[in-house]
Number of protein chains: 4
Amino acid sequence: MTTTKKAGVLGATGSVGQKFILLLAEHPDFELYKLGASSRSAGRSYAKAVKWRQTATIPQSATELVVVECKASEFVDCDVVFSGLDSDVAGDIEKEFKESGLVVISNAKNYRRAPDVPLVVPLINSSHLDVVARRVKQEKKQGFIICNSNCSTAGLVVPLGALIAKFGDISDVTVTTLQAISGAGFSPGVLGFDILDNVIPYISGEEEKLEWETKKILGSIAEDDSFALRSNMTVSAQCNRVAVSDGHLECVSIKFATPNKPSVEEVKQALRDYVCESQKLGCPSAPKQCIYVLEEDDRPQPRLDRNRDNGYAISVGRVREDPVFDFKFIVLSHNTVIGAAGSGILIAETLFKKGLL
Amino acid sequence: MTTTKKAGVLGATGSVGQKFILLLAEHPDFELYKLGASSRSAGRSYAKAVKWRQTATIPQSATELVVVECKASEFVDCDVVFSGLDSDVAGDIEKEFKESGLVVISNAKNYRRAPDVPLVVPLINSSHLDVVARRVKQEKKQGFIICNSNCSTAGLVVPLGALIAKFGDISDVTVTTLQAISGAGFSPGVLGFDILDNVIPYISGEEEKLEWETKKILGSIAEDDSFALRSNMTVSAQCNRVAVSDGHLECVSIKFATPNKPSVEEVKQALRDYVCESQKLGCPSAPKQCIYVLEEDDRPQPRLDRNRDNGYAISVGRVREDPVFDFKFIVLSHNTVIGAAGSGILIAETLFKKGLL
Amino acid sequence: MTTTKKAGVLGATGSVGQKFILLLAEHPDFELYKLGASSRSAGRSYAKAVKWRQTATIPQSATELVVVECKASEFVDCDVVFSGLDSDVAGDIEKEFKESGLVVISNAKNYRRAPDVPLVVPLINSSHLDVVARRVKQEKKQGFIICNSNCSTAGLVVPLGALIAKFGDISDVTVTTLQAISGAGFSPGVLGFDILDNVIPYISGEEEKLEWETKKILGSIAEDDSFALRSNMTVSAQCNRVAVSDGHLECVSIKFATPNKPSVEEVKQALRDYVCESQKLGCPSAPKQCIYVLEEDDRPQPRLDRNRDNGYAISVGRVREDPVFDFKFIVLSHNTVIGAAGSGILIAETLFKKGLL
Amino acid sequence: MTTTKKAGVLGATGSVGQKFILLLAEHPDFELYKLGASSRSAGRSYAKAVKWRQTATIPQSATELVVVECKASEFVDCDVVFSGLDSDVAGDIEKEFKESGLVVISNAKNYRRAPDVPLVVPLINSSHLDVVARRVKQEKKQGFIICNSNCSTAGLVVPLGALIAKFGDISDVTVTTLQAISGAGFSPGVLGFDILDNVIPYISGEEEKLEWETKKILGSIAEDDSFALRSNMTVSAQCNRVAVSDGHLECVSIKFATPNKPSVEEVKQALRDYVCESQKLGCPSAPKQCIYVLEEDDRPQPRLDRNRDNGYAISVGRVREDPVFDFKFIVLSHNTVIGAAGSGILIAETLFKKGLL
């Protein structure tokens with residue numbers, strides 16, 4: 001008796017799709033079952049269709065799968081479908097999948113702002129999945145979409161959420177990001193000539209996403225099961241692209257709303273002590289430690305720390321007082337794991353543990 | 001009749017020293033006259049003593065100069081001495097030079113905090129040189145030290161100063177830097193293995209310098225001709241090293257003290273309109289435009305914009321409102337020109353134009 | 001009375017086109033007159049149509065020019081047209097221009113192998129332009145195409161040609177290249193994610209070009225004015241892309257056909273002594289020194305030496321005996337100047353000096 | 001009953017030492033027992049003494065070990081000592097260890113040319129260890145030194161040796177390397193400012209090592225158990241440093257001595273079929289496949305292929321005919337695993353399997 005669930009991947013040849021495939025290849029809960037890509041790739045074996053750019057070799061379980069078009073009829077047997085589609089096509093395709101009763105976990109931005117779609121970073125707001133649970137309870141086999149967040153948002157919200165849980169409201173957040181080029185995908189991605197010996201101080205739409213998504217993720221569920229933004233917190237973001245392959249670094253300053261400020265040591269302890277639901281549920285990809293608090297002056301660093309707990313953990317360093325705000329610190333997260341495909345996987349594992357798949 | 005002044009360079013084989021030599025090589029006001037370095041290099045021709053790392057070839061006027069030790073007796077004929085010494089030796093040597101009646105313009109950090117030493121970014125506070133003028137007037141041929149600022153400070157203070165001049169006090173500044181590796185010099189400098197595919201989110205002492213020096217440079221001259229810090233402005237800095245050869249990028253947020261805030265357009269116009277004293281004096285190295293305000297979303301960029309006006313101009317981009325503060329923008333400055341050796345040159349040109357050399 | 005010639009640029013928004021525009025902007029012989037690009041760009045000012053990626057700012061003389069489509073009728077007033085077109089469109093367009101009586105100097109590969117088209121690296125085989133001279137003499141105002149070489153070829157043929165001229169036939173050449181990413185252009189160019197912390201040991205078609213073009217450039221003019229390949233020389237190439245913005249480095253081993261081998265010192269002297277025709281003619285862009293022979297162990301280096309004589313000179317270093325062949329050495333050339341647009345400019349200057357424009 | 005052997009590491013805080021520690025941390029045969037470093041580090045815990053630069057975190061088994069000085073008396077209980085010492089101190093220290101009866105496996109160059117010291121790349125000439133076996137048989141508990149090769153040598157000799165074994169003598173080899181910066185170690189290592197946007201076409205002593213060591217490794221054992229160089233093969237090397245963290249790429253051309261040349265397909269098959277002794281012995285670190293022959297045009301690439309079989313395998317690609325020689329191909333090897341520390345580990349595993357430890 002097999003208990004694994006059948007998984008499909010949309011946009012399987014792209015940057016996020018390749019990562020989904022790597023993470024699903026030897027997964028205990030999921031079986032790589034269907035791979036969807038553009039009509040140009042459809043009909044070819046995955047090994048032939050893909051320009052593979054990962055440091056691990058293509059998983060055996062993927063090479064011989066024949067790529068299909070991204071139509072719900074092709075994925076009807078899937079228990080869960082992971083979408084790494086580009087936003088220019090994700091809107092229509094994911095909608096069709098949902099309406100066909102499929103469960104779509106999407107990395108695309110298209111439905112993140114929909115009031116009835118959970119926007120989930122599983123290390124911090126898996127409670128938002130309760131909305132789905134209630135809906136599923138009402139009507140079996142209904143399709144739905146769950147979005148994971150933008151890559152730079154995923155790193156920020158985890159320490160913010162952990163600190164709010166411990167010390168109460170944060171009124172102001174200023175964040176400057178130094179983001180890896182893998183976040184831009186491969187098509188067109190970031191040109192080598194543009195990033196070598198350079199910084200690109202702009203990522204289209206990124207600052208808006210980071211400022212807005214943070215408020216939805218750290219927001220609450222309204223009585224009608226829609227998602228309410230966290231209204232008493234203001235976020236200001238400046239986003240940069242740097243010559244790093246993987247790993248987003250973020251320089252953060254925060255101000256608590258309460259007059260009783262914790263000490264630096266209390267802030268660090270709260271981050272260290274934080275445990276997320278996927279850890280408690282025993283999800284196979286859950287990090288051993290949700291937030292690593294590093295004490296060395298010059299850590300975390302993208303190259304050295306991005307792979308902690310296989311990229312599912314967040315690293316925080318240089319926690320110190322801020323002369324303008326209350327505290328400043330840096331956050332590092334693996335943008336293609338917990339910042340993208342890995343978040344999707346961990347959402348699916350959580351759904352599975354809760355009996356929602 | 002020659003009117004050029006004799007220039008010496010201390011630490012001539014190092015990173016800053018090499019840049020001084022490049023900038024002085026065909027200078028209309030200064031003649032490369034004496035080169036000082038460690039006893040290991042003394043006695044050798046400059047071409048033999050130096051491990052030259054600049055993209056321009058070694059200037060003819062430097063190659064055959066014989067390197068001497070950094071003793072005042074060797075530099076007694078110099079009208080001005082530029083110091084690119086490391087801080088571990090700069091303290092004693094610069095003191096000896098000053099006490100021997102020499103004019104020292106230093107890139108080292110040792111005397112920046114001395115209450116009687118001007119700390120000057122010539123694009124913004126050349127007025128601080130008036131203190132020197134008054135002292136020279138009192139006693140001919142007296143030695144003195146003038147310091148240029150830390151490299152990351154130079155970029156920040158220019159737009160801040162221009163905005164204060166136009167709109168009044170700024171109460172809060174938050175700045176995150178993305179700094180080039182040339183700023184670390186060559187010995188030991190930043191290891192390639194440490195910076196490739198990486199960010200180092202820490203530069204020893206840098207944040208303290210940036211937060212403190214900004215207040216001295218934008219401060220005032222007290223009645224006793226000592227320098228008073230700007231007390232009503234708080235600065236919070238986070239400093240990072242990125243894989244860029246030259247050019248420091250800084251993401252800045254500011255809050256004005258006044259309730260009457262200018263508009264984004266007024267801020268940009270004030271930056272564009274700003275003219276510094278070295279421009280008015282006709283200093284040969286003064287930038288054509290002190291602050292370039294770029295309108296493209298993704299500019300300034302280090303590789304594309306660092307060399308504007310030969311590295312003597314500051315570039316500002318992405319001026320926009322800040323949901324937490326009033327405004328945010330990015331600043332780019334060439335860290336080894338206006339952020340180091342070039343500032344020294346421009347200070348010397350200003351002194352020369354004012355008859356103080 | 002103006003004596004400047006009207007210049008057109010095809011593919012003006014691309015990588016090579018941008019370089020043509022920079023090199024023509026303040027040219028004493030040529031006036032930037034027409035800019036051609038795809039229909040998507042046509043009708044817009046150049047400043048609006050282009051995504052400018054050069055370290056120098058867009059020349060004033062180009063910004064306000066209105067981009068036109070690449071049709072001969074638009075360029076009929078041009079004395080010379082420089083083509084930076086991609087090879088997928090260059091074939092038809094350049095043919096139409098030639099048939100309309102226009103002089104086309106092309107960086108595209110399409111006509112390099114045509115037996116009646118000169119393939120010219122102006123530092124070494126400008127004598128091949130004599131064929132054009134004879135044709136022009138026969139029939140006034142006839143159109144023709146001249147090709148500059150592939151970028152990696154340009155660096156190799158100059159020292160080879162200089163040594164053949166001095167010491168006679170070379171029978172065998174082995175060359176391994178380390179090529180800059182600017183050589184791949186911008187569309188799609190080399191992805192940052194692919195080249196960061198990496199080498200790509202393959203450039204499509206490059207080895208064949210390097211092996212074949214070298215023989216045409218160093219070949220002779222047959223009696224019927226067609227070009228004959230140098231048949232007694234074999235070239236073997238291995239081509240790699242490395243994380244360098246500009247500047248191709250090539251590791252070369254050569255074997256002379258003659259039993260009387262020169263010494264290392266004689267080889268170096270022959271390279272130093274070599275003077276090309278564009279130098280003799282006084283072409284404004286001709287290098288001061290055609291081949292710089294560097295004596296330091298670790299030179300030439302792309303970042304430090306690519307801009308010698310504005311990128312029009314070749315640097316050779318590490319000339320030494322080879323235990324398998326006779327000699328080995330390294331060659332550095334600026335791939336977008338003498339390896340592309342600059343070669344075109346120098347060809348045009350040579351034609352102009354010879355009265356062929 | 002434990003059967004693990006006690007392992008010491010000399011130079012434990014350096015680049016190679018850190019790698020030894022990583023590879024030994026959870027090794028089935030060896031137990032991390034003693035760590036030696038300079039007197040500056042001695043007496044401190046390893047975690048405090050080291051500036052750790054690896055992407056994996058410091059192994060638990062190393063953190064609390066107290067670093068000792070590199071004296072034989074400290075290591076007298078060790079069954080095997082791995083030396084990652086710098087060559088300026090390795091000579092004396094390794095000699096003292098050997099004379100104290102210790103088994104030293106060294107990454108330093110000092111004894112590689114000693115006629116009685118085996119120079120071993122365990123994937124290709126572990127048979128050279130037989131000399132040690134015979135000596136040990138004669139006299140129990142005698143000390144000896146075994147050297148692993150220079151990093152660039154390790155990649156080259158494996159395919160060469162495999163082809164010689166199958167097809168007979170190779171007369172000529174030309175190799176151009178593109179070497180990673182980790183090969184230079186950390187002190188001083190390669191400066192970021194020197195390698196960013198650059199190639200350094202020189203590595204001191206490297207070409208001589210590559211040309212000479214290849215002949216010793218592929219040479220034979222003389223009757224007196226000294227090592228005889230392979231005299232009928234000539235190697236010419238050109239060595240470059242590129243902006244890659246780990247992984248040496250080598251462009252190789254070879255000429256067989258025999259008139260009966262194999263085909264390209266036969267060459268590839270011989271490489272694929274090659275099996276080394278450490279595989280047959282079941283050494284725990286032996287690669288699954290000794291030589292991977294890649295068929296894609298653009299592979300192997302350092303970032304994508306360096307970690308095949310944990311860095312113990314060699315990758316070969318682009319096998320094709322060479323117009324000057326017989327064949328050309330590229331070789332990729334992980335310079336700090338099979339090119340350094342990993343070779344030492346595999347030598348020790350082989351000794352262990354043969355009962356020589």
Side-chain angles (χ1 to χ4, degrees), chain C residues 171-181 193-204 207 211 234-253 255 296-306 317-318 320-325 328-332, chain D residues 171-181 193-204 207 211 234-253 255 296-306 317-318 320-325 328-332:
Chain C
S171 59
D172 298 286
V173 178
T174 287
V175 55
T176 297
T177 67
L178 293 84
Q179 299 185 221
I181 52 180
F193 189 73
D194 285 344
I195 199 65
L196 180 68
D197 187 14
N198 207 9
V199 171
I200 304 175
Y202 177 69
I203 303 171
S204 179
E207 296 173 356
E211 295 177 356
T234 309
V235 182
S236 175
Q238 303 213 46
C239 294
N240 301 282
R241 193 74 76 187
V242 294
V244 165
S245 62
D246 287 316
H248 287 356
L249 192 81
E250 311 191 5
C251 297
V252 184
S253 291
K255 188 173 181 178
E296 297 91 335
D297 273 342
D298 61 354
R299 300 288 281 267
Q301 295 179 15
R303 196 176 64 84
L304 298 181
D305 296 300
R306 61 193 168 205
R318 307 199 65 216
R320 58 212 194 280
E321 292 193 353
D322 183 315
V324 172
F325 287 71
K328 51 186 173 185
F329 52 83
I330 52 178
V331 181
L332 177 76
Chain D
S171 60
D172 297 286
V173 178
T174 286
V175 55
T176 297
T177 68
L178 293 83
Q179 299 185 220
I181 53 180
F193 190 72
D194 285 343
I195 199 65
L196 180 68
D197 188 13
N198 207 10
V199 171
I200 304 174
Y202 178 70
I203 302 171
S204 178
E207 295 174 355
E211 294 178 356
T234 309
V235 182
S236 175
Q238 304 212 46
C239 293
N240 302 282
R241 193 74 77 186
V242 294
V244 165
S245 62
D246 288 316
H248 287 355
L249 193 81
E250 312 192 5
C251 297
V252 184
S253 291
K255 190 175 181 177
E296 298 91 336
D297 273 341
D298 60 354
R299 300 287 283 268
Q301 294 180 15
R303 196 176 65 84
L304 298 181
D305 296 301
R306 60 193 168 203
R318 305 198 69 216
R320 57 212 195 282
E321 293 192 350
D322 184 316
V324 172
F325 287 70
K328 50 186 172 183
F329 51 83
I330 53 178
V331 181
L332 178 77

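Just so it is clear: chains get the letters A, B, ... in the order the sequence lines come, proteins before strands, and each one is counted from 1.
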What part of [X] lies closer than 4.5 angstrom to a heavy atom of chain C: side chain, backbone, both or neither?
{"X": "D:I195", "value": "neither"}
{"X": "D:T174", "value": "side chain"}
{"X": "D:V175", "value": "neither"}
{"X": "D:E296", "value": "neither"}

Hey, are the side chains of [X] and [Y] touching, using non-hydrogen atoms and a 4.5 Å cut-off?
{"X": "D:Q301", "Y": "C:V199", "value": "no"}
{"X": "C:L178", "Y": "D:N240", "value": "yes"}
{"X": "D:P302", "Y": "C:D197", "value": "no"}
{"X": "C:I330", "Y": "D:Q238", "value": "yes"}

- [ ] Look at the side chain of D:K328 and the backbone N and O of C:A237, then say whether any donor-acceptor pair between them is shorter than 3.5 Å.
- [x]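 Yes.
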Relative to chain C, which of [options] shows the most heavy atom pairs under 4.5 Å?
{"options": "D:T234, D:D297, D:I200", "value": "D:D297"}
{"options": "D:D172, D:V235, D:T176", "value": "D:T176"}
{"options": "D:R299, D:E207, D:K255", "value": "D:E207"}

Task: Shortest non-hydrogen contact between D:F325 and C:V324, atoms and distance - done: CZ-CG1, 3.7 Å
Task: Minimal non-hydrogen separation, C:P201 against D:P300, with atom names - done: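 Heavy atoms of C:P201 and D:P300 come nearest at CG-O, 3.2 Å.
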Can you tell me which portion of [X] sits under 4.5 Å from chain D's heavy atoms? Options are side chain, backbone, both or neither.
{"X": "C:E321", "value": "neither"}
{"X": "C:D246", "value": "backbone"}
{"X": "C:V242", "value": "side chain"}
{"X": "C:I203", "value": "neither"}

Open item on the list: Both conditions, 6.0 Å and 45 degrees, for the charged tip of D:R303 above the ring of C:F193: are they met here?
Closed with: yes
TODO: May I ask you to name which of C:R318, C:R320, C:R241 has the most heavy-atom pairs under 4.5 Å with chain D?
DONE: C:R318
